Novice: 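Here it is: the structure, laid out below.
These numbers were taken from a predicted model, which means no experiment stands behind them. These numbers come from the heavy atoms of this one structure, side chains and all, not from hydrogens, waters or symmetry mates. Just follow the structure's listing: the first ligand is 1, and inside any ligand the first atom is 1.
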Amino acid sequence: MNYIDAREAPLRNNGLIKLHGAEAFAGMRAAGRLAAETLDMIGEHVAPGITTAELDRLCNEFIVARGGVSAPLNYRGYPKTSCISLNHVVCHGIPGDRVLREGDILNIDVTPLLDGWHGDSSRMYVAGKPSVKAKRLIEVTYECLMRGVAAAKPGATTGDIGHAIQEYAESNRCSVVRDFCGHGLGQVFHDAPNIMHYGNPGEGLVLKPGMIFTIEPMINLGKWQVKILGDGWTAVTRDKSLSAQFEHSIGITDTGNEIFTTSPAGLHHPFID
Ligand code: MF3
Ligand code: CO
Ligand code: CO
């Protein structure tokens, strides 16, 4: 696998791993912060009675008011700003008329494009109070993300990240979705490399300072298999079990990593209070 100085790489995914410099980290810091602020803002609107389309509209309004553009909107024909994935929806749920009900759990995933940089992040929310099993799944999934992030440092491999996530998920009787992965990003939304959320220590690609990518594990209470609904986007668990996901955008530094999408309000995890 080949690495390339990002300044010499074309603005597209050509399969090479871009190694970014200080300017990219500054751009990602600003875009990531806008993603995190959007997810902070939307939390107080999540409640029984609101539609997912209204949550999406609020996200778009917030991003545009701060000089950003929503990257998913019209991306490969995707029709909305955010992905909102309820209950057994794994990812890429399309906001619409669905009204939130007491106990629904949902992932909201936003990617503002700000001054040319993509900040990609998602969190879990609950309408009202979660069931005991939903709360447990959300807690396990958050811990999976943060263990994956902790494994991301120079000299480690993509397999180390995947292993950290898979080990924790499976030791908690949950499963890791195989069909979707984290991804390089920056000025390109979905770039090399792919970051699997399962794997073996020491395998895969060696991480180097300057790499920028997401970690975004999708964890199911039941089996890992998914299927795509007729709209061509919505991925659901085949066994109808609940699914959860959290996502951060990070950059590899000389000593570890920098998380670009940390919540300024400390709200990334839903059950801090
Ligand atoms: N934000 C999603 C991700 O984490 C991608 C959404 S692209 C869309 O990679 F087209 F599905 F919206
Ligand atoms: Co992503
Ligand atoms: Co995302």
Side-chain angles (χ1 to χ4, degrees), residues 12-13 17-18 28 31-40 42 52-53 55-57 59-60 62-63 68-86 89-96 106-114 117-125 141-142 144-146 148-149 152 158 161-162 165 176-197 211-219 226-236 243-251 257 259-263 268:
R12 59 183 170 81
N13 181 355
I17 314 297
K18 297 182 182 75
M28 287 302 295
R33 186 180 175 92
L34 180 54
E37 287 169 345
T38 307
L39 294 177
D40 283 352
I42 204 65
T52 54
L55 293 172
D56 183 77
R57 194 191 63 72
C59 288
N60 192 246
F62 188 89
I63 290 167
V69 173
S70 176
L73 188 59
N74 303 318
Y75 176 81
R76 298 175 188 231
Y78 189 76
K80 293 286 185 181
T81 281
S82 60
C83 297
I84 303 187
S85 303
L86 268 70
V89 178
V90 172
C91 64
H92 301 163
I94 303 174
L106 53 152
N107 175 276
I108 303 181
D109 188 334
V110 296
T111 310
L113 173 63
L114 183 68
W117 299 93
H118 292 84
D120 189 1
S121 186
S122 79
R123 299 181 200 161
M124 294 303 294
Y125 301 85
T141 306
Y142 183 75
C144 282
L145 169 64
M146 297 318 282
V149 169
T158 53
I161 297 173
I165 293 167
V176 179
V177 171
R178 307 290 202 262
D179 303 57
F180 303 95
C181 55
H183 50 92
L185 84 169
Q187 289 171 299
V188 176
F189 188 1
H190 289 112
D191 207 346
N194 287 337
I195 306 293
M196 307 301 179
H197 303 116
M211 285 175 63
I212 293 177
F213 55 84
T214 72
I215 303 179
E216 47 182 298
M218 283 142 273
I219 306 296
V226 308
K227 66 177 181 187
I228 309 291
L229 298 187
D231 61 20
W233 285 103
T234 311
V236 300
S243 186
Q245 179 181 27
F246 285 89
E247 176 175 25
H248 270 317
S249 295
I250 71 170
N257 67 66
I259 302 176
F260 298 123
T261 45
T262 296
S263 165
H268 205 95

Novice: Locate the shortest heavy-atom distance separating Q245 from N107; write the atom from each residue and the value.
Specialist: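 Result for this residue pair: O-ND2, 2.7 Å.
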Novice: For the backbone of G96 and the side chain of D56, can you confirm whether one donor and one acceptor N or O come within less than 3.5 Å of each other?
Specialist: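 Answer holds: no.
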Novice: Just how far is it from atom OG of S82 to atom CG of N60, taken to the nearest 0.5 Å?
Specialist: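 Output value for this atom pair is 8.5 Å.
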Novice: Salt bridge or not between D40 and R33? Use side-chain N to carboxylate O under 4.0 Å.
Specialist: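 Judged by the 4.0 Å cut-off on N to carboxylate O distance, D40 and R33 do not form a salt bridge.
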Novice: Distance from F62 atom CZ to T38 atom OG1, nearest 0.5 Å?
Specialist: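 Here the interatomic distance stands at 5.0 Å.
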Novice: Indicate if the distance from the Co ion (ligand 2) to the nearest N, O or S atom of H190 falls below 2.8 Å.
Specialist: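 False for H190.
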Novice: Please list, in chain and residue-number order, the protein N/O/S atoms closer than 2.8 Å to the Co ion (ligand 3).
Specialist: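 Listed by chain and number, the nearby protein N, O or S atoms are D109 OD1, D109 OD2, D120 OD1, E247 OE1.
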Novice: Under a plain distance cut-off of 3.5 Å, with no hydrogens placed, do E216 and H197 share a side-chain donor-acceptor pair?
Specialist: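 No - no donor-acceptor pair under 3.5 Å links their side chains.
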Novice: Between the side chains of H183 and D120, does any donor sit under 3.5 Å from an acceptor?
Specialist: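 The criterion, which ignores hydrogens and geometry beyond distance, is satisfied for D120 and H183.
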Novice: Could you list each N/O atom of ligand 1 together with any protein N/O atom closer than 3.5 Å, one pair per line with the distance?
Specialist:
from: ligand 1; atom 1: 1 (N); to: D109; atom 2: OD1; distance (Å): 3.0
from: ligand 1; atom 1: 1 (N); to: D109; atom 2: OD2; distance (Å): 3.3
from: ligand 1; atom 1: 1 (N); to: T111; atom 2: OG1; distance (Å): 3.4
from: ligand 1; atom 1: 1 (N); to: D120; atom 2: OD1; distance (Å): 3.2
from: ligand 1; atom 1: 4 (O); to: D109; atom 2: OD2; distance (Å): 3.2
from: ligand 1; atom 1: 4 (O); to: D120; atom 2: OD1; distance (Å): 3.4
from: ligand 1; atom 1: 4 (O); to: D120; atom 2: OD2; distance (Å): 3.2
from: ligand 1; atom 1: 4 (O); to: E216; atom 2: OE1; distance (Å): 2.8
from: ligand 1; atom 1: 4 (O); to: E216; atom 2: OE2; distance (Å): 3.3
from: ligand 1; atom 1: 4 (O); to: E247; atom 2: OE1; distance (Å): 3.0
from: ligand 1; atom 1: 4 (O); to: E247; atom 2: OE2; distance (Å): 3.1
from: ligand 1; atom 1: 9 (O); to: D120; atom 2: OD2; distance (Å): 3.4
from: ligand 1; atom 1: 9 (O); to: H183; atom 2: NE2; distance (Å): 3.0
from: ligand 1; atom 1: 9 (O); to: H190; atom 2: NE2; distance (Å): 2.8

Novice: Below 6.0 angstrom between ring centroids: does that apply to Y78 and H92?
Specialist: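 Ring centroids of Y78 and H92 are no less than 6.0 Å from each other.
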Novice: Using only atom types and a distance under 3.5 Å, with no angle test, would you say the side chain of S85 pairs donor to acceptor with the backbone of G93?
Specialist: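 A pair under 3.5 Å: yes.
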Novice: Under 6.0 Å between ring centres, would you say that holds for H118 and H190?
Specialist: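 That pair fails the under 6.0 Å test.
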